[in-house]
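Below is one structure, written out as structure tokens, with a few remarks after it.
Every value quoted in this text rests on a predicted model; they were computed, and no experiment measured them. In what follows, chains are A, B, ... by sequence order, proteins preceding strands, each numbered from 1. The basis for the numbers below is simple: all heavy atoms, side chains too, and nothing from hydrogens, waters or symmetry mates.
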There are 2 protein chains.
Amino acid sequence: MAAPLPDAPGAGRGRRPRRTSGDDRERAILATAEELLGQRPLSDISVDDLARGAGISRPTFYFYFPSKDAVVLTLLDRVVEEARASRAAALRRAGDDVRASWRGALEAVRDTFAAHRALTSAAASLFASSAEVRALWSEVMEQFVAETASAIDAERARGAAPPGPPARDLAVALNWMNERVIHVTASGQQPALAEDDLLDVLLTVWLRTVYGGDGPR
Amino acid sequence: MAAPLPDAPGAGRGRRPRRTSGDDRERAILATAEELLGQRPLSDISVDDLARGAGISRPTFYFYFPSKDAVVLTLLDRVVEEARASRAAALRRAGDDVRASWRGALEAVRDTFAAHRALTSAAASLFASSAEVRALWSEVMEQFVAETASAIDAERARGAAPPGPPARDLAVALNWMNERVIHVTASGQQPALAEDDLLDVLLTVWLRTVYGGDGPR
DNA sequence: CGGCCGACTCGACACCGTGTCGAGTACCGT
DNA sequence: ACGGTACTCGACACGGTGTCGAGTCGGCCG
């Protein structure tokens with residue numbers, strides 16, 4: 001409301017300038033949130049629960065975070081970073097094999113979010129109400145889409161993939177498909193795929209969409 | 001809380017047995033909800049707003065609906081029914097042309113939800129918190145998936161489509177893709193497709209996935 | 001007709017969660 | 001010893017939800 005206040009250096013996404021002593025409390029709040037989310041949905045967790053869990057009073061909570069949502073956003077930020085890193089590592093590992101690289105990237109993302117189901121559900125429930133969560137998510141998806149689109153363009157350029165709609169458009173559709181199917185499968189929503197089939201099915205759709213068949217050439 | 005009270009006959013989803021006089025009030029609440037949703041998100045609409053808009057007091061609202069969410073659910077129910085009907089009509093109209101029938105079905109669903117954006121957003125925001133909304137949505141998706149799967153099986157049986165993963169698995173992935181891309185595009189979330197390209201892009205993915213190319217044979 | 005019953009209505013209340021304000025305490029550098 | 005800054009919390013105001021109980025009103029049955 002008052003000033004733009006530029007991101008403080010050292011803060012991951014610049015939520016607040018680091019303190020030295022209160023750092024422990026901040027961590028305690030985060031840890032409490034993660035633990036409670038494993039037990040019940042975000043809507044059943046109050047600021048008071050978070051504060052008590054961290055051994056502080058409710059007003060003190062507000063010294064560290066502006067709201068319950070901000071806690072989840074911080075947590076989500078970390079997981080997103082983890083997913084990005086793990087995906088990048090998988091891509092690096094796969095080298096030139098396009099099929100393997102897409103499979104690896106997909107697997108990395110799936111595993112990261114599967115390892116944080118509770119948080120993922122919480123983030124999903126904030127999606128509608130929090131512009132910050134939406135923005136963060138857009139940013140991640142945008143990165144994945146951009147990477148996918150340039151991979152498709154590369155395959156087309158070397159004649160391995162046929163022409164068709166703009167690569168970016170296909171990339172948008174394919175990445176949102178992944179997002180939704182992974183989410184649905186992990187959260188038990190129906191209709192879903194069996195966890196074991198997920199990778200194969202999504203990969204088939206990707207390959208057929210990009211190559212017009214089950215692989216390059 | 002008291003008795004199971006079986007669905008009253010004549011009620012779409014059997015929210016409550018129909019009254020004769022109160023019927024108007026119920027309609028007024030529904031109409032108010034639809035109008036207010038056009039102006040602001042569901043979270044900024046209180047039961048009091050709904051009641052005042054319908055010309056009744058807040059306690060009286062509770063005579064008609066158990067909660068704000070139930071109002072949205074009722075509205076969603078209608079739109080879903082509309083989408084189903086419109087989709088079925090498109091399918092009937094297209095006859096044997098598979099490509100045309102998928103395009104028509106897709107278009108019908110997209111148009112129905114585009115015509116009720118406000119409600120759709122409200123439903124999306126309830127998705128996380130309301131089991132009923134999730135169940136209704138599962139039911140719709142399940143129907144679409146089942147129809148898609150049997151269409152794929154038919155194409156495979158007549159030799160027009162190559163074998164691959166179980167038809168149902170492909171159908172699950174493709175239908176969730178549609179759901180998400182349509183939703184994202186309609187709600188302005190990024191990354192999205194241009195509204196005009198949506199149909200072509202999704203259809204391309206469908207055809208390539210099912211036929212391993214851009215069309216039957 | 002008179003009385004009852006079920007449909008419907010609302011004022012008042014209890015409750016809960018949020019966010020803020022202002023009065024502290026404790027420690028640090030000067 | 002002093003002033004400031006980091007931190008803490010009791011108490012409050014607020015806004016929303018859902019319920020309770022006392023009422024009105026109209027139809028219809030005896």
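- Atom P of nucleotide D:dT8 and atom CZ of A:Arg52 are separated by 16 Å, given to the nearest angstrom.
- If you measure from atom OH of B:Tyr62 to atom P of D:dG18, you get 4 Å, rounded to the nearest angstrom.
- In this structure, B:Arg134 contributes its side chain and B:Ala128 its backbone to a donor-acceptor pair below 3.5 Å.
- Atom CZ of B:Arg40 has more than 12 neighbouring heavy atoms from other residues, nucleotides or ligands inside a 6.0 Å radius.
- Closest to the side chain of B:Phe63, from the set D:dC7, C:dA7, C:dC10, is C:dA7.
- What separates CD1 of B:Ile29 from P of C:dT9 is a distance of 9 Å, to the nearest Å.
- Judged by distance alone, the side chains of A:Glu179 and A:Trp137 do bring a donor and an acceptor atom under 3.5 Å apart.
- In summary, the side chains of A:Asn175 and A:Thr148 do present a donor paired with an acceptor at a separation below 3.5 Å, with no hydrogens or angles considered.
- Taking atom CD1 of residue A:Ile56 and atom C1' of nucleotide D:dG10, one finds them 15 Å apart after rounding to whole Å.
- Straight-line distance from the CZ atom of A:Phe65 to the P atom of C:dT18: 15 Å, rounded to whole Å.
- Rounded to an integer number of Å, the gap from A:Asp49 CG to C:dG17 C1' is 10 Å.
- Below the 3.5 angstrom threshold, one finds no donor paired with an acceptor across the side chain of A:Arg58 and the base of C:dG17.
- Listed nucleotides: C:dT9, D:dC20, D:dC9. Nearest to the side chain of B:Thr60: C:dT9.
- For A:Val47, the side-chain atoms get nearest to C:dT18 when compared with the rest of D:dG18, C:dT18, C:dG11.
- Atom-to-atom, NZ of A:Lys68 to P of C:dC16 comes out at 16 Å; the value is rounded to the nearest Å.
- Residue contacts for B:Ser46: at a heavy-atom cut-off of 4.0 Å it reaches the sugar-phosphate backbone alone, with no base atom in range.
- If you take CG of A:Asp44 and P of D:dT17, they are 17 Å apart, rounded to a whole angstrom.
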